[in-house]
Amino acid sequence: MATHLTHWGVFEASSDGDRLTTVRPWRDDPEPSPLIENVASAQHHPARISRPHVRKGWLDNGPGPADRGADEFVPVSWETALDLLSGELSRVYSEFGPSAVYGGSYGWGSAGRFHHAQSQIHRFLNCLGGYVSHRNSYSLGASTVLLPHILADMGTIMSHATTKSVLAEHSKLVVSFGGLSPKNAAVAPGGVSRHNGRGWIETARENGCRFVTVSPLRDDIPGEAQAEWIAARPGSDTALMLALAQVLDAEGLADNAFLDHYTVGHERFADYLRGAVDGVVKDPEWAEPLTGIAAERIRTLAREMAGTRTLVTVSWSLQRARYGEQPLWLGVVLAAMLGQIGLPGGGFGHGYGSAANVGLAVRLTSPPRLPQGVNGVDDFIPVARIADMLLNPGAPYEYNGEHRTYPNIRLVYWAGGNPFHHHQNLARLRTAFGRPDTVVVHDPFWSATARHADIVLPSTMTIERDDYGSGEGDRFLFPMPALTRPHGEARDDYWMFGELAERLGVGKEFTEGRATREWLRHLYDEWRERLAGHGHDVPDYDTFWAGESLELPLSAEEHIAFADFRADPAAHPLRTPSGRIEIFSETIAGFGYDDCPGHPVWLEPDEWLGSPLAARFPLQLVANQPRTKLHSQLDIGAYSQSTKISGREPVRLHPDDAAARGLAPGDIVRIFNDRGSCLAGLDVSDAVRPGVAQLSTGAWYDPDPADPTFCRHGNPNAVTNDRGSSRLSQGCTGQLSLVEIERYTGSIPPLTVTGPPAIAGS
């Protein structure tokens, strides 16, 4: 048996050389993830790409805008594919320059440190002169931009979050806005060795901690929490938090000494709470009709929070919505008003329950990684604005105080990730993907992104190549020797880019004369030498490679977020403009954004159950992360397929909402609004708030050929809105949309995305 690392955990496997014969969780993982079941069953699935392919229209007519996603593909040899691609890269770089190339990798393609697809493609494109890049992520678009203005950058907030062991010992009340989802807490970029998403919560309960979860989903928190469920109307968290803040202010429960010493701008925010700005007092009676939560429960919750050691934690999901900056900012403000930031078990958290790497011990240094080089292009886009960029070259947009212009992209190069999973309004994205001259995709599978490409190169899965891996913040580094031969003619990204680099005259710059195993040794030895400079000795490469894992040195076993700042704010100021927590931000106010002013405010969303649009579309769709896969990875795997209903992704409705529509469990239903529609299988559950439909992302987009706005498989991004959270962040808003649901009465169309597309001559 050999160990292997995935983004959702470590497994032990045996192989016959072609496929995995035994797969089981790593014996040292106390809470292993069932997602491991997807790996072996996906490796040789019919949706696997076995050799290079070129879209027939591109092969016949050459580069240019096209109706991508409908054409058939022509299988070609590696030699032909690489010659065609190197020629096209040479043409675009010579005629239009590197600012005409979008290097669109999202980074989830591999758990390995060397074969990290994002590092590989960026290193390659930098050797050619650079590329237009993206900033931020779909998960944290608003957070990454807002938090540095008011508290700290996301890297600090995640890597130096109060450790879960400290929370388990000291927290007496955890109020979680958006839940503490056990499925999300089971994954992390790069991998997870020992899951503890449930364990710390169980220990905290044993130590007398209470949990309150504010979410439209009762099971958005582990059962071990025995949590009180406050099912606020989706999109109303800002109103609820403002009312909590108003009670703290009005009843003298706010820690004014903390506010005076550690924050700026509280009085301006307090004027807004008190109604001095707009004549509206933001009290619980104001919030009750907005949130659906009784005013008295809001008032007593505020008192409870002020009366004990309280952690205020905000899920990543809340900022994935229109005006998503507001509830996140208010989470910081509430924690500051309670005066517990920097204390063990109290303060502010962002991401507990959103990823496994939040609340871990602090590592001394990062594990080995492949250098990406220097990008010669300064231009970038916020990641969720890709369709805007492709459809509107030269158009202006605003972002974080800047006035920017979308570049004119002629070639999109994607390796790692699947934008037809992450992005919103997929029919619009499909139109956008038709505009460039050429789209290139590396992928192990015929994902929707591969089907919308011109040149498709089959990449290996992690089990088919040598690497080593460690998750963000994780304390182990794992050797990952190849467990099987590659499927068909699949090759790793490094081999592909190395071959292209040779053809384009930058082979030496890209490979530095090293094969994969030489790179692994070289990067490890450099890292080992760096650790030795810190006084830590780790085994040599051969010893590490022959072993099972290596425990990494830590700088701290336990950590309390912002403890140094609390102890001495002059000696340890925050990296905000004032050095303190900014309840009012002069910087943000100076941008003049009406959709994100200088302090948190209530801005009514366009699509929520309190808007006029709800008369036509009376269900709030919650498009959260799936529990049977990571994003859309390995959707054709056995575990992911086990929860499908007639091959469709399940949508959950409250029994009252199902009955009102004459629907029964197992029905195939149509979810629709003005943007599009999709099919799903109905699951009826009282764990969903009335008025809410929960359909997770991750079903591979399977558009009807006659109507790309109609997804036959159940991808909620057929109906979500492709609009930025605000002009500040331009973050993703895919979490919440208004829809209606009806029984699908037509002939249920077959799925095509679970097999290859039309192949010429097949």
- Item | Working for side-chain hydrogen bond (donor to acceptor under 3.5 Å, both in side chains), residues N38 and S640 | CA-CA 7 Å; N38 284 328; S640 180; 5.3 Å; no
- Report the C-alpha distance between R712 and T752 in whole Å, list the side-chain angles of each, state the deciding distance to 0.1 Å, and finish with yes or no for side-chain hydrogen bond (donor to acceptor under 3.5 Å, both in side chains). CA-CA 9 Å; R712 298 169 291 188; T752 61; 3.2 Å; yes
- Query: W446 and F73: ring pair (Phe, Tyr, Trp, His ring centres under 6.0 Å), yes or no, with the steps?
  - Reply: CA-CA 11 Å; W446 282 111; F73 286 87; 5.0 Å; yes
- Task: Could you give me the CA-CA distance, side-chain angles and deciding distance for F96 and R91, then say whether side chain to side chain contact (heavy atoms under 4.5 Å, CB included) is met?
- Result: CA-CA 8 Å; F96 305 105; R91 181 188 75 88; 3.7 Å; yes
- Determine, stepwise, if the pair F672 / F710 fulfils ring pair (Phe, Tyr, Trp, His ring centres under 6.0 Å). CA-CA 9 Å; F672 63 95; F710 174 39; over 10 Å; no
- Message: Evaluate H487 against S50 for side-chain hydrogen bond (donor to acceptor under 3.5 Å, both in side chains), listing each step before the verdict.
- Response: CA-CA 6 Å; H487 173 87; S50 59; 5.1 Å; no
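Between the side chain of N425 and the backbone N or O of N721 there is no donor-acceptor pair closer than 3.5 Å. For the pair H115 (side chain) and D466 (backbone), a donor-acceptor distance under 3.5 Å is present. E518 contributes a side-chain N or O that, together with a main-chain N or O of A515, makes up a donor-acceptor pair within less than 3.5 Å.
Ring-plane geometry between Y102 and H134 is classed as tilted, the angle between the planes lying from 30 to 60 degrees on a 0 to 90 degree scale. Using bins of under 30°, 30° to 60° and over 60° for the plane-to-plane angle, the ring pair Y131/H122 lands in the parallel bin.
Under 4.0 Å is where a charged nitrogen must lie from a carboxylate oxygen, and between R123 and E509 no such pair does. For the pair R503 and D83, the salt-bridge criterion is met [side-chain N within less than 4.0 Å of a carboxylate O]. For the pair R113 and D467, the salt-bridge criterion is not met [side-chain N within less than 4.0 Å of a carboxylate O]. Checked for salt-bridge contact, D492 and R465 miss the test: no charged N lies under 4.0 Å from a carboxylate O. With salt bridges taken as basic N to acidic carboxylate O contacts below 4.0 Å, none links E512 and K508. Using a 4.0 Å cut-off between charged nitrogen and carboxylate oxygen, R675 and E607 count as a salt-bridge pair. Under a 4.0 Å N-O distance rule, the pair K629/D635 qualifies as a salt bridge. Ion pairing of R491 with E464 is absent here, as no side-chain N (NZ or NE/NH1/NH2) approaches a carboxylate O to less than 4.0 Å. The pair R451-D702 does not meet the salt-bridge criterion, since no charged nitrogen lies less than 4.0 angstrom from a carboxylate oxygen.
Within a 6.0 Å radius of CZ in R514, more than 12 heavy atoms belonging to other residues, nucleotides or ligands are found. Other residues, nucleotides and ligands contribute at most 12 non-hydrogen atoms within 6.0 Å of the CZ atom of R369. More than 12 heavy atoms of other shown residues, nucleotides or ligands fall within 6.0 angstrom of atom NZ in K644. Taking a 6.0 Å sphere around CG of D60, one finds it holds more than 12 heavy atoms contributed by other residues, nucleotides or ligands.
Between M496 and L82, the closest heavy-atom pair is O-CD2, 4.3 Å. Taking every heavy atom of both residues into account, Y701 and V753 meet most closely at O-CG2, 3.7 Å. Q694 approaches S696 most closely through the heavy-atom pair NE2-OG, 2.9 Å. For the residue pair L411 and E88, the shortest heavy atom distance occurs at CD1-CG, 3.8 Å.
One finds the OG1 atom of T511 at 6.0 Å from the CD atom of E502 (value rounded to the nearest 0.5 Å). Residue E72 holds its CD atom at 10.5 Å from CG of L59, rounded to the nearest 0.5 Å. Atoms CG and CG, on D18 and L483 in that order, are 13.0 Å from each other to the nearest 0.5 Å. Atoms CZ and CG, from R55 and D454 in turn, are 4.5 Å apart once rounded to the nearest 0.5 Å. With rounding to the nearest 0.5 angstrom, the CG atom of L619 is 11.0 Å from the CG atom of N673.
Counting only heavy atoms from C-beta outward, the side chains of V440 and V412 never approach each other to under 4.5 Å. In this structure the side chain of P52 reaches within 4.5 angstrom of the side chain of P458, judged on heavy atoms. Taking 4.5 Å as the limit, every side-chain heavy atom of S41 sits out of range of all side-chain heavy atoms of Q641. L128 has its side chain within reach of L504: a pair of non-hydrogen atoms, C-beta onward, lies under 4.5 Å apart. Counting heavy atoms from C-beta on, the side chains of S459 and P444 come closer than 4.5 Å.
Here the rule is ring pair (Phe, Tyr, Trp, His ring centres under 6.0 Å) with F420, and of W414, W700, F433 only F433 fits it.
Aromatic pair F497/H442: ring centres closer than 6.0 Å.
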